[in-house]
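Everything below concerns the one structure shown next.
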Amino acid sequence: MVDKVLLKSKFRGSLFGVLVGDCCGAPFEGQLMDSGSKLVLKNYLDKLEGPFFKAPYKKFTDDTALTICVADALLDSNGFSQKQLAKNFVLEYYKDPRRGYGAAVVDVFAKLRTSKIADPTGPAYAQFGGSGSYGNGAAMRVAPIALFCANSDKTRLTHLVQDASLVTHTNLLGINGAILQALAVRQCLQLDPNSTLDKKKYLSELREDIVALEKKNDAELDKDYNAYERQLNVVESLLDEKVESSDENVLNMLGHSAQALYSVPTALFCFLKCTSGSLKDSNQSSFRNTLEYAISLGGDTDTIASMACALSGAYFGESVVSENLLKHCEDADGIQNIADKLFNSLE
């Protein structure tokens with residue numbers, strides 16, 4: 001394990017990554033990212049990272065808003081519960097509903113509110129004819145759970161992610177995507193950023209965990225269920241350059257949509273592709289490259305960039321996140337405070 005000073009920095013870095021990826025990715029969501037758009041993106045990020053100028057901050061979206069709700073539920077004095085998490089979600093949504101929430105999750109929040117949260121998972125189970133949502137909404141908000149469980153075993157982490165996911169996402173693709181993202185953040189916390197990242201080993205450990213999880217799903221459902229194993233194999237082949245890692249191939253093979261299966265592995269690929277060398281060699285460039293590349297793929301840019309940068313921040317720590325860039329993001333001080341509270345909660 002890393003020492004406490006570095007671990008605290010990694011906690012901050014991961015949640016700063018969630019915030020920065022979200023705030024910077026949101027203006028480009030759904031855009032066709034051609035060469036002209038990518039140049040606009042580069043200039044936009046250069047300006048935000050350059051000499052500080054006063055301007056209205058970049059508002060965060062539902063990604064960060066719900067991440068904060070998860071953190072608050074974990075830190076609740078009575079301990080984590082699905083009912084408290086559902087209450088946090090409902091209060092946050094009705095306080096400021098204009099943060100880009102999807103129609104499906106808004107429906108869940110409305111039903112939770114009407115029922116006074118009598119059953120915190122009932123509305124989510126009823127969605128889409130009982131099949132539940134397989135979107136990336138559970139994965140985008142999962143970083144605080146990985147931080148909270150930094151000193152815990154993977155079983156506790158997995159169970160907590162499942163419980164937190166079920167309030168809005170009951171489809172296995174949505175839940176397993178959230179588990180994969182949490183495991184990826186957890187592994188980043190444990191690695192030394194002053195050493196070169198062994199990408200093959202990193203992926204191998206994730207694959208081992210996800211294969212075990214999907215085999216358990218196989219037994220429960222009596223069907224072949226290795227969707228994330230296949231996506232991790234694609235990530236490895238793109239990194240190994242067994243296939244050309246052009247943007248077109250990445251999008252065709254991994255995707256960039258709001259479905260967890262086609263965004264969580266993409267975020268993981270963005271982090272691994274852009275992380276080269278060690279902290280002393282790369283300084284802020286790997287984090288910035290991860291941010292820019294994730295957004296440049298288009299599609300669900302805020303969520304993919306948020307998840308990718310949560311990994312980069314958890315790996316390197318807060319020092320790689322540009323101070324000036326953070327100043328342009330809504331409530332960066334509040335995010336730092338939450339990261340510190342999660343760190344102080346460790347057993």
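By the 4.5 Å heavy-atom criterion applied to side chains, Thr61 and Cys23 are not counted as neighbours. Side-chain contact check for His169 versus Tyr134: every heavy-atom pair is 4.5 Å or farther apart.
Note: the hydrophobic cluster containing Leu172 does not contain Phe128 (ILVMFWY, side chain heavy atoms under 4.5 Å, direct or indirect links). Hydrophobic clustering (side-chain heavy atoms under 4.5 Å, transitive across Ile, Leu, Val, Met, Phe, Trp, Tyr) keeps Ile304 apart from Leu272. Linking Ile, Leu, Val, Met, Phe, Trp and Tyr whenever their side-chain heavy atoms come within less than 4.5 Å puts Leu147 and Leu311 in one cluster.
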Practice problem: Would you please test Asp63 and Thr303 for side chain to side chain donor-acceptor pair (under 3.5 Å) and show each step? | Solution: CA-CA 7 Å; Asp63 297 54; Thr303 300; 2.6 Å; yes
Exercise. Assess whether side chain to side chain donor-acceptor pair (under 3.5 Å) is satisfied between Ser263 and Asp300, documenting all intermediate values.
Key: CA-CA 8 Å; Ser263 55; Asp300 195 6; 5.5 Å; no
Exercise. Kindly determine whether Arg288 and Glu292 satisfy salt bridge (charged side-chain N to carboxylate O under 4.0 Å, His left out), including the steps that lead there.
Key: CA-CA 6 Å; Arg288 161 61 193 267; Glu292 185 172 341; 2.9 Å; yes
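Taking the ring axis of Tyr293 as reference, the NZ or CZ atom of Lys273 stays within 45° of it and closer than 6.0 Å to the ring centre. Stacking of Lys199 on the aromatic ring of Phe271 is not recorded, the 6.0 Å distance cut-off and the 45° axial limit not both being met.
Using a cutoff of 4.0 Å between basic side-chain nitrogens and carboxylate oxygens, Glu229 and Lys215 are not scored as salt-bridged. The pair Asp34-Lys38 does not meet the salt-bridge criterion, since no charged nitrogen lies less than 4.0 angstrom from a carboxylate oxygen. Looking at Lys59 and Asp96, a side-chain N of the basic residue comes within less than 4.0 Å of a carboxylate O on the acidic one, giving a salt bridge.
In this structure, Phe28 has its ring center under 6.0 Å from that of Tyr44. In this structure, Phe316 has its ring center no closer than 6.0 Å to that of Phe287.
Counting heavy-atom neighbours within 6.0 Å of Tyr93 OH, excluding the residue itself, gives a total above 12.
Summarising the geometry of Asp119 relative to Leu112, their closest heavy-atom pair is O-CD2, 3.8 Å, with the distance given to 0.1 Å. Across Ala139 and Val264, no two heavy atoms sit closer than the pair CB-CG2, 3.6 Å. Here the closest heavy-atom approach between residue Asn176 and residue Ile210 is recorded as O-CD1, 4.1 Å. Summarising the geometry of Thr168 relative to Ser133, their closest heavy-atom pair is O-CB, 4.1 Å, with the distance given to 0.1 Å. Shown here for Thr290 and Ala308, the closest heavy-atom pair between the two residues is CG2-CB, 3.7 Å.
Note on ring orientation: taking the six-membered ring where Trp is involved, the planes of Phe52 and His328 are tilted (angle from 30° to 60°).
Of the options Thr158, Leu157, Asp153, a side chain to side chain contact (heavy atoms under 4.5 Å, CB included) to Thr155 is made by Asp153 and by none of the others.
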